[in-house]
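Below is one structure; the comments refer to it alone.
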Amino acid sequence: MKDKNKKISFISLGCSKNQVDLEYLMGSIRDEGYEITHVPEDSDAIVVNTCGFIEPAVAEAIDNILEMSRRKQKDAKLIVTGCMSERYKLELLKEMPEIDFFTGVGELDKVIGFLNGTGERPKNYGTSRLIANTPYFAYLKISEGCNNKCSYCAIPGIRGQLVSRPAEDILAEAENLVKQGIKEIIIISQDNTKYGTDLYGRKEIVPLLKKIENIEGDFSVRVMYMNPDGVDDELIETICSSHKILSYFDIPVQHYSAKMLKAMKRKSDPEMIDRVFTAIRRKDPDSFLRTTMIVGFPGETDADFDELVAFLKKHKPDFAGFFPYYREKGTSAYNLGMPAGKREVNRRIKVLQKLQKENTNTRLKSMRKDDIIAYVEGESEESEFILQGRAVFQAPEIDGRTYIIGGLADRGFGPYRCRIKRIVYPDIYCEITDNIW
C-alpha cells in the first residue's frame with residue numbers, strides 16, 4: 001500500500017481510553033496523506049481497534065472482525081489493533097487468517113509502517129490527533145496502565161503498570177484542545193486519583209487539575225474514574241469549588257460488602273465508601289455522583305447482595321451501572337471458582353436497576369424548575385424533527401441522553417440553557433431557553 005491515495009476506515013470498540021489511542025493513529029494516518037472514510041466497503045484498509053477486557057468485549061471484537069472481512073473489498077487490508085490483539089496475540093495468529101496485520105496496545109504506530117510498506121514508525125507519532133466523537137468534547141488521557149491489582153481485572157496484564165504522562169505534556173494537549181474549540185475536556189485513565197505516584201512519587205491529580213483550570217478559555221472539565229481510596233478532602237474541595245471543573249464524581253465502588261471488597265482486592269471498605277460519599281454530599285449537595293457495581297462475584301451470598309441494596313438506599317447515587325462478574329483467565333479471581341448462577345445474577349441486577357431508576361428519576365424531577373446546561377449534537381435517532389445531545393450532568397454514553405423538543409439551537413453545539421419538560425428514564429426531554437457564551 002505504498003500509494004498514499006488510499007482510503008482508510010476505522011471501527012472503534014471499547015472504552016474511552018481505547019478511543020484516544022485510535023484518535024492518535026487516525027491523526028497520524030491523515031498526516032501521512034491517506035484519506036479517511038466512514039464507509040468500510042469503500043476502503044483500501046480497515047482498522048478495527050478492539051477491546052479485550054471481558055468475554056463480551058472479545059466476542060464483540062471477533063464479530064466485528066469477521067463482519068469487516070465479509071464487507072471489505074477483495075484486495076483491502078484488514079488491520080486489528082488494541083486490547084484484544086494485545087491479550088490474544090498467539091490465538092489471533094493461529095485462528096484468524098482473515099487479519100492481514102495486527103498490533104497491540106502502545107504500538108498502534110506500527111500500522112503506519114504497514115500501510116506505507118516500509119515497516120518504519122513515524123517519528124512524530126502522537127503529535128496529531130483526530131477527534132472521533134462529536135467535536136465539542138474530547139477525552140484527555142493522563143496515564144496508562146494501573147497498579148491497583150483488583151482480583152477481577154485483566155487491565156494490568158493488558159496495559160501494564162501505571163505510567164503517568166508528564167504534566168507539561170498533558171497541559172500542552174489541554175491548551176491545544178481548547179484552541180481547537182473544545183468545550184468539555186474529560187479526564188480519563190484507569191484511576192485518575194493515582195496520577196503522578198509513579199512519576200513524582202506522590203499523587204498529583206489536584207495540582208494537575210488546578211493547572212488545567214487556569215488555562216484561558218471557556219471550557220469545562222469532567223473527571224472520570226476516581227476510586228474511593230484516592231478521593232480525599234482536598235480532591236473533593238478542588239472539584240466542588242472550581243468554576244471550570246464540573247461537580248461530577250465517577251466513583252466505582254464495585255461492592256459494599258466488606259467480605260466482597262476484600263475478595264476483589266479493592267483498596268476500600270464500606271466505612272471509606274461512606275466517608276467519601278458523605279463528604280461529597282456535604283460539600284456540594286448539588287453534585288452528581290455516578291458509581292458502578294459488580295454482581296455475582298464468587299462467594300457473593302444473599303447477605304452480600306443485600307449490602308449493595310443498602311448502599312443504593314443509603315447514598316442514592318444519581319447514576320449507576322451494574323455489571324455481571326466475568327471469570328477471566330489471568331486474573332487472581334479466576335482461581336476463586338465460578339460466579340453465581342447467570343439466572344440469579346440477572347435477578348439481582350434487575351433489583352438494583354429498579355432501585356437506581358427511582359434514585360435517578362427522583363434527582364431529575366427535583367431539577368424540573370431549574371435551568372440546566374446542555375449541548376446539542378444533532379438529529380436524534382428517534383426523529384429528524386428532534387435534536388439530541390447531553391446535559392452537563394450526563395457523561396457521554398453512560399448517563400442517558402438529552403432530547404430537545406423546543407427552542408432554537410442557533411449556536412451549533414452550544415452550550416444552551418434548557419428546562420426539563422419530560423423524563424423518560426434515563427433520558428430527559430428539554431426546551432432551550434437561552435444560549436451561553
Side-chain angles (χ1 to χ4, degrees), residues 14-15 51-63 83-84 87-88 146 148-158 190-191 225 227-229 250-274 276-277 289-360 397-398 425-426:
C15 67
C51 175
F53 179 40
I54 54 177
E55 179 184 326
V58 173
E60 180 186 24
I62 292 173
D63 288 345
C83 290
M84 190 191 76
R87 188 176 183 185
Y88 298 107
C146 185
N148 289 336
K149 298 180 181 179
C150 300
S151 66
Y152 53 81
C153 185
I155 290 298
I158 299 172
Q190 300 302 330
D191 181 359
Y225 313 117
N227 277 324
D229 61 285
D250 175 28
I251 303 176
V253 298
Q254 309 303 22
H255 220 286
Y256 194 57
S257 157
K259 184 187 79 176
M260 288 292 96
L261 289 168
K262 184 176 180 180
M264 291 178 174
K265 295 186 179 180
R266 298 285 288 172
K267 292 180 171 60
S268 55
D269 55 32
E271 291 74 22
M272 178 185 292
I273 292 169
D274 285 341
V276 169
F277 276 72
L289 277 79
R290 146 166 280 279
T291 192
T292 54
M293 298 177 179
I294 296 173
V295 182
F297 192 84
E300 183 185 74
T301 63
D302 288 341
D304 295 318
F305 173 70
D306 288 342
E307 293 291 315
L308 290 178
V309 172
F311 171 84
L312 291 182
K313 291 181 177 180
K314 180 177 182 179
H315 291 292
K316 301 184 186 307
D318 301 294
F319 299 109
F322 310 103
F323 303 94
Y325 166 75
Y326 290 97
R327 190 182 184 210
E328 294 291 325
K329 289 183 178 179
T331 65
S332 60
Y334 186 84
N335 297 323
L336 297 178
M338 298 302 291
K342 185 176 181 179
R343 180 176 296 180
E344 175 61 17
V345 170
N346 289 338
R347 183 195 71 79
R348 292 176 180 179
I349 287 178
K350 287 180 180 178
V351 170
L352 298 176
Q353 288 174 332
K354 183 179 179 180
L355 282 170
Q356 184 53 43
K357 182 177 180 180
E358 294 176 4
N359 290 338
T360 301
E397 307 293 337
I398 56 176
Y425 176 84

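Applying side chain to side chain contact (heavy atoms under 4.5 Å, CB included) to Tyr152 and the options Arg327, Met264, Lys265 leaves one that passes, Met264.
Between Thr360 and Tyr425 there is a side-chain heavy-atom pair separated by less than 4.5 Å. Residues Phe297 and Leu336 meet the side-chain proximity criterion, which asks for heavy atoms closer than 4.5 Å. Counting only heavy atoms from C-beta outward, the side chains of Met293 and Pro252 never approach each other to under 4.5 Å. With contacts defined as side-chain heavy-atom distances shorter than 4.5 Å, the pair Arg266/Cys150 qualifies.
A salt bridge links Asp274 with Lys314; the closest basic N to acidic carboxylate O contact falls under 4.0 Å. With salt bridges taken as basic N to acidic carboxylate O contacts below 4.0 Å, none links Arg348 and Asp306. Under a 4.0 Å N-O distance rule, the pair Glu55/Lys329 does not qualify as a salt bridge.
Classification of the His315-Phe277 ring pair by plane angle, with boundaries at 30° and 60°, yields tilted.
Across all their heavy atoms, Arg290 and Ile398 have their closest contact at NH2-O, 3.0 Å. Here the closest non-hydrogen pair linking Phe322 and Ala320 is CZ-CB, 3.7 Å. When all heavy atoms of Asn227 and Asn148 are compared, the closest pair comes out as ND2-ND2, 3.1 Å. The minimum heavy-atom distance between Cys146 and Gln190, with the atom names listed, is CB-CB, 3.8 Å.
Here the side chain of Ser151 pairs no donor or acceptor atom with the backbone of Ser332 at under 3.5 angstrom. Not a single donor-acceptor pair under 3.5 Å links the side chain of Asn359 to the backbone N or O of Asp318. Not a single donor-acceptor pair under 3.5 Å links the side chain of Ser268 to the backbone N or O of Pro228. Side-chain N or O atoms of Glu344 include none that pairs as donor or acceptor with a backbone N or O of Gly296 at under 3.5 Å.
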